[in-house]
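Since the structure comes first, as structure tokens, the remarks are kept for the end.
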Amino acid sequence: MVIEQVLSQVLEWIKMYTRPINRVVIACLIAFSLGSPPGYGATHPMDPLSSSEISSTLDVLLNSGKVQRAGRMAYMRLYEMPKSEVLAWNPGDRFSRRSESFILQDNGFFRFVVSLDTNAVEQITAIPEGQAPFVAGEYQAANTLIVQNKEWQEAIRKRGITDFNKVINITFSTGYFGDPAEKRQRLTRVASYYPEDTPNFWGRPIGGLSALIDLKANRVIEVVDTGVVPLPKGTVGYDRASVGTRSNPVNKIAYSQPGGASFAIDGHVIRWQDWEMHYRVEQQNGLILSNVTFTNRGEKRSVLYQGSVSELFVPYMDPSPGWYSRTFIDAGEFGLGLSLSTMLPGADCPENSVLLDAVMAGVSGRPQTYEKVMAVFERYCGNPLWRHQDPITRGLEARRNQELVIRTIATVGNYDYLLDWVFGQDGAIKVSIGATGICSAKAVASRTAEEAASKGEEVYGRFVDEYTVAVNHDHFAMYRLDFDVDGQSNQFVKDVLKPIRFNRDTPRRSGWIVEPHLAHSEQDAKLRVNIEKPALWRIRNSARKNAWGYQTSYAIRPGLSHISLLANDDWPQRRAAFSKYNLWVTPYDREEKFAAGPFPNQSEGSGGIDDWTKANRSILDTDIVAWYSIGFHHIVRAEDWPMMNTAWFSFSIVPHDFFDENPAMDIPTSD
Ligand SMILES: [Cu+2]
């Protein structure tokens, strides 16, 4: 190892030229500056905290005397080394390890940075804005409070339910609506369900009833009863016993890869053909990919330094008392990593998937294993990557499109989100989110839309069953894409397709040309997908050119993507302002990872991307981060009930003059 050789040479030099006492001091200084060996099993600076690192962090925190024993661990995660150090790191080199813990205590919400090299608390910061996500135990606490509340019991009895323990109470985040007094409280709004004879409680909402609870004061603030509504009785079960099996099944298709997987997982590094990437799972963002490179002609070239979901905003459109606050900011309020679901091979992912566990700190700060929450697999969907038949010779060449997929599934309440990163042999990455699960519904007094027409009960949603309206809503998934296209000096260019009129030298009258617009600062790069004014969005290296004289670049190719229609002065929109644009570009800042701010639970909306970009910082010829929002409006339909089929939305990151030619010309044929 190079560093050790250098170190031993330096030690020789110290022995020769210094006195013994100085030798010790200098040797200590050198050892300290190089970082002590991790000793916790991490083999890469981006590795997630291991079980032993989580345990050590907890020990250091408890022994420091600066943490309340009754404190609750909201997040504990790797505190990344500075980017320059990670990039300078080579396998085998030593590196420093730090953890970052966010602890909910009686006296506030605090961040602790712990050095795992020195086992010391290095920083303690009080979190000024926003609150911790919901932590384990709070759901149960809210349930206990509500079930014992006399007013709530009375409201439940009025609805003909006598056994309170058969009511399921779900704790929703409350958002923030401008009352500063709420900042001193830890709020949840509880909705109740009465599943009775079905395993699907989401399909049996109790109408007209909700309650607001302060989890800090352990008290029910208010029970809101706007009147009794019939209990829905629809057939909403989705297990085999409820839905049966159809009489005309299709034959199963089996996946097999006789030669075994062609990817290798080495620690947390995945290698597949020309691709290499590092993965880890964290409580807030879920899967984080780092150091994504593509090797071309023997050269390992950087594409992304890091990519992950940053936030997921799901506002519902019903303004009524039990519903107006349902404007979820899922990563920050519930945690996408904390919501990861176990995967079922053969349905959630192919049978040949490699399923991986994740270890994260639980609410007590101790390590917890989340089993089979990540799938890595290769797939071939029967499509050619490219093909052509020569019209004269009839010679046919075709190549199969085989891809590498890294998948996690986050089940956040009623919704399940499949979160895919799909790597192609052509150097492209497709990023997809698939929404499935159960639509959120309310009970209404009318049986069907015809009955409701005069009452306006279906204005904000759609009847999907008797006395049941599934409420319309949006999903906005914001991705953080820290591009390093051939290194860190990058620029953002928008190639506008400019319609032109031709002069009289040609029979043609019109066409379009490409007009590049180089973005200088953040405000130049707040963009929306616009089919009437198409443009190509590219992250381009400042200097490097391909063989044909073009700066190497990756394009962000949008898919169908909507933007938020909420008003800018509406609190939910202020809190998730990122949803007003499909694309943002910012200069790299290691602290800027969460598009709606690091702690959106009950936050008023500061500390997110809308705030950062107000400074209109330069994004020219520097390290830049692109933020892409996949947005979709969900007008619920009958076919989404009782279970919604996976609806996929995606965008791609595509090499654009990054190579000199199609890098997938030489992939094997099918035989
Ligand atoms: Cu939806």
Side-chain angles (χ1 to χ4, degrees), residues 170 172-173 175 189 191 193 200-205 232 234 236 238 286 309-320 322-334 336 339-341 348 408-420 431-444 449 458-465 468-479 529 559-566 570 572-573 575-576 578-580 582 596 600 628-651:
I170 297 296
F172 290 119
S173 51
R189 193 168 284 280
Y193 298 82
N200 176 9
F201 71 86
W202 295 108
R204 296 287 177 82
V236 291
Y238 54 84
V309 177
S310 173
E311 196 45 87
L312 185 54
F313 175 44
V314 188
Y316 285 77
M317 296 303 136
D318 189 324
S320 67
W323 278 84
Y324 75 92
S325 58
R326 297 195 195 190
T327 55
F328 307 116
I329 303 184
D330 284 336
E333 291 175 343
F334 304 100
L336 294 180
S339 306
L340 285 186
S341 191
D348 285 337
T408 53
I409 304 178
T411 301
V412 192
N414 50 305
Y415 258 99
D416 297 67
Y417 296 102
L418 283 85
L419 301 160
D420 281 11
V431 185
S432 299
I433 178 167
T436 175
I438 301 165
C439 292
S440 221
K442 69 186 288 192
V444 295
E458 89 295 35
V459 172
Y460 308 110
R462 216 148 174 95
F463 275 86
V464 290
D465 213 324
T468 310
V469 168
V471 177
N472 293 333
H473 56 276
D474 301 315
H475 304 259
F476 298 101
M478 180 65 144
Y479 285 82
V529 177
L560 173 80
S561 192
H562 298 140
I563 57 155
S564 173
L565 299 176
L566 301 185
D570 195 7
Q573 187 57 43
R575 299 174 60 239
F578 69 82
S579 56
K580 276 288 172 187
N582 297 115
Y628 182 85
S629 167
I630 297 180
F632 49 103
H633 305 302
H634 190 172
I635 303 169
V636 185
R637 56 184 178 139
E639 293 80 0
D640 290 340
W641 194 257
M643 184 70 74
M644 174 187 171
N645 292 325
T646 311
W648 286 102
F649 299 87
S650 57
F651 67 98

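Ligands are counted one by one from 1 in listed order, and the atoms in each one are counted from 1 as well. The figures here come from the full heavy-atom set of this structure, side chains too, leaving out hydrogens, waters and symmetry mates.
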Suppose the cut-off is 2.8 Å; which protein N/O/S atoms would you list for the Cu ion (ligand 1)? Tyr415 OH, His473 NE2, His475 NE2, His634 ND1

Tyr415 vs Tyr417 aromatic rings, parallel, tilted or perpendicular, using cut-offs 30° and 60°? parallel

Show every salt bridge (Lys or Arg N to Asp or Glu O under 4.0 Å) that has at least one partner inside residues 638-648, sequence neighbours left out. Arg637-Asp640

Those residues at least two apart in sequence (or on a different chain) that pass ring pair (Phe, Tyr, Trp, His ring centres under 6.0 Å) with Phe334 are Phe134

Does the side chain of Phe313 reach to within under 4.5 Å of the side chain of Met478, using non-hydrogen atoms? no

Main-chain N/O of Ile563 paired with Ser629 side-chain donor or acceptor, under 3.5 Å: no

Could you pull out all residues at least two apart from Gln573 that satisfy side chain to side chain donor-acceptor pair (under 3.5 Å)? Ser564, Ser579

